[in-house]
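For reference, the structure discussed in these notes is given below.
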Amino acid sequence: MATPSNNARVLSGMRPTGALHLGNYHGALKNWVDLQYQHECFFFIADWHALTTGYEDTSQIEEHTWQMVIDWLGAGLNPSAATLFIQSKVPEHAELHLLLSMITPLGWLERVPTFKDQQEQLKERDLATYGFLGYPLLQSADILLYRPKYVPVGEDQVAHVEITREVARRFNHLFGREKGFEEKAEKALKRLGGKTAELYRELRRAYQTTGDESALDKAAVLLAGNAHLTIADQERLQGYLEGTGRMILPEPEVLLTATPKVPGLDGRKMSKSYGNTIGLREDTDSVAKKLKAMKTDPSRMRRTDVGNPDVCPVFDLHKIYSPESTRQWAAEGCRSAGIGCIECKKPLMDAVVVEIETIRSRAREYEENRDAVREIIMDGCEKARDAARDTMDEVRGAIGLEYR
Ligand code: TRP
Ligand code: SF4
C-alpha cells in the first residue's frame with residue numbers, strides 16, 4: 001500500500017445507490033472526509049456505472065444521485081476543499097473510455113474477477129451487455145482522465161485500479177513514442193534551469209541504477225511544481241526519468257482504505273441488499289429501535305448466560321464506536337454475565353445517535369436548499385471539466401487527432 005505524500009491528486013467515485021448507510025460511511029466516506037484536507041481531491045458520482053447493471057429502470061438515478069451528494073455534504077465533504085461532481089456531466093469520461101476501448105484486449109476485461117462474480121450474483125438481470133463488460137474500462141477512464149496519484153478504494157475495487165494501470169501502461173507504450181524523444185527531453189531539461197536540472201539528473205541516475213523509488217518521487221515533485229514546463233515536457237521528463245516514452249497517462253496507485261468490519265443488524269456485513277442497514281440520516285427513534293433488536297451472541301439466550309463478545313456483532317460496533325475503557329467494560333460484563341445485552345448496547349446507541357445527529361443536521365440544511373446543492377455540483381463539474389480538457393488535449397495530440 002502506498003504511503004500518501006502531500007499535495008498529490010486523489011480521485012474516487014461511488015455509484016448512486018441512494019441514501020448511504022453506516023457501512024458506506026465507515027468503509028469509504030469518512031476516509032474521503034479526512035483526505036480532502038491532505039490532498040487535492042476529486043470525488044464523483046458514477047451515474048453511468050449505475051446504468052451498467054440497472055439500465056431497465058432509470059427512474060431513480062437522479063434522485064439517488066442528489067441524495068448521495070447530500071449524504072456526502074452531511075458527512076463533512078467540503079466543496080471548498082474537494083471537487084464534487086457527476087460523471088455524466090463531464091462527457092470527456094465517455095470520450096476517453098471510447099479511445100481506451102480501441103487498445104484494450106477483450107481478455108483483460110473478461111478476466112476481471114468482478115465480471116463473472118457479478119454475472120453470477122445478479123442472475124435475474126441480463127448482464128451480457130457491452131456496457132457491463134466495459135465497466136472496469138469506464139472506471140479506468142474515470143481515473144486516468146484526472147491523472148491522480150492515488151485512488152482510495154476498498155479491497156473490492158483493487159482489481160479495477162490494477163487494470164487501469166495496465167491500460168495506462170499500454171497507452172503510454174503505444175502513443176508515448178515520438179521521434180527525437182531523447183533530444184526533446186534534454187531540451188526540456190535545459191528549461192528547468194541549471195540547479196534543478198542537475199538535481200533531476202542525479203535523481204534519474206539514482207532511480208535508474210538502484211531502482212530507488214524515493215528518488216523517483218522526489219524528481220516527480222520537482223517536475224510537477226515547475227512553472228517553466230509545458231505539460232508535454234513534464235510528460236517527457238517523467239518518461240525520461242523512468243526510462244520509458246512520454247508518460248501521458250501516469251499509472252495511479254491504490255490507497256487501500258482500512259475498512260473496519262461494519263456488521264448489519266442481522267450480524268452479516270451491513271449491505272443494502274440484505275436490508276440490515278442503519279441509514280446515515282436515520283431518525284433517532286428508529287436507530288434506537290433497530291439497535292435494541294440487533295442480533296447478539298446467539299448462544300446468550302438469557303440474561304444469566306455468559307456470552308462471547310468475539311462472536312457478537314454488537315461488539316464489532318463497539319470496536320468502531322467505543323473507547324478502550326467501554327470496550328473492556330462490555331467484554332468483561334459479557335463474559336461474566338455481569339451486564340445484559342441491552343445495557344451493553346446503551347453506550348453504543350448514544351455514540352451512533354450522536355454521529356448520525358451531526359450528519360443529519362448538516363444534511364438538513366442542504367436538503368432544504370437544493371439550489372445550493374445544485375450549485376455546488378455545477379461548480380465541481382466545471383472544475384472537473386477543466387482538468388479533463390487538459391488531459392484530453394494531450395491524449396488527442398498523442399494519438400494524432402488534433403486537427404489544428
Ligand atoms: N466501481 C466503483 C464502485 O463500485 C465506483 C467507481 C466508478 C470508482 N469509477 C471509479 C471508484 C473511479 C474509484 C475510481 O465502488
Ligand atoms: Fe454481545 Fe454485549 Fe450481549 Fe455480550 S453483552 S452478547 S457483547 S451485546
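One-based numbering along the sequence shown. Remember, it's 1-based here, ligands and their atoms both numbered in the order they're listed.
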task = Apply salt bridge (Lys or Arg N to Asp or Glu O under 4.0 Å) to the pair Glu357 and Arg360, showing each step before the final yes or no.
result = CA-CA 5 Å; Glu357 190 51 51; Arg360 183 152 40 102; 2.6 Å; yes
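- Annotation: atom 2 (C) of ligand 1 to nearest protein heavy atom, Gln157 OE1, 3.3 Å.
- The parts of Asp297 lying near ligand 2 are both backbone and side chain, judged by heavy-atom distances below 4.0 Å.
- Residue-ligand proximity, Ala46 to ligand 1, at heavy-atom distances under 4.0 Å covers atoms 7 (C).
- Not one N or O of Asp156 is nearer than 3.5 Å to an N or O of ligand 1, by distance alone.
- For Lys345, the heavy-atom gap to ligand 2 stays at 4.0 angstrom or more.
- Residue contacts with ligand 1 for Phe44 involve side-chain atoms from C-beta outward but no N, CA, C or O (heavy atoms, distance under 4.0 Å).
- Looking at Cys344 against ligand 2, only its side chain comes within 4.0 Å, counting heavy atoms.
- At least one N, O or S atom of Cys341, from either the backbone or the side chain, sits less than 2.8 Å from atom 3 (Fe) of ligand 2.
- Contacts between Ile143 and ligand 1 below 4.0 angstrom, taking non-hydrogen atoms only, involve the side chain exclusively.
- Between Tyr146 and Phe85, the distance separating the two ring centers is shorter than 6.0 angstrom.
- Among the atoms of Tyr135, some N or O lies under 3.5 angstrom from an N or O of ligand 1.
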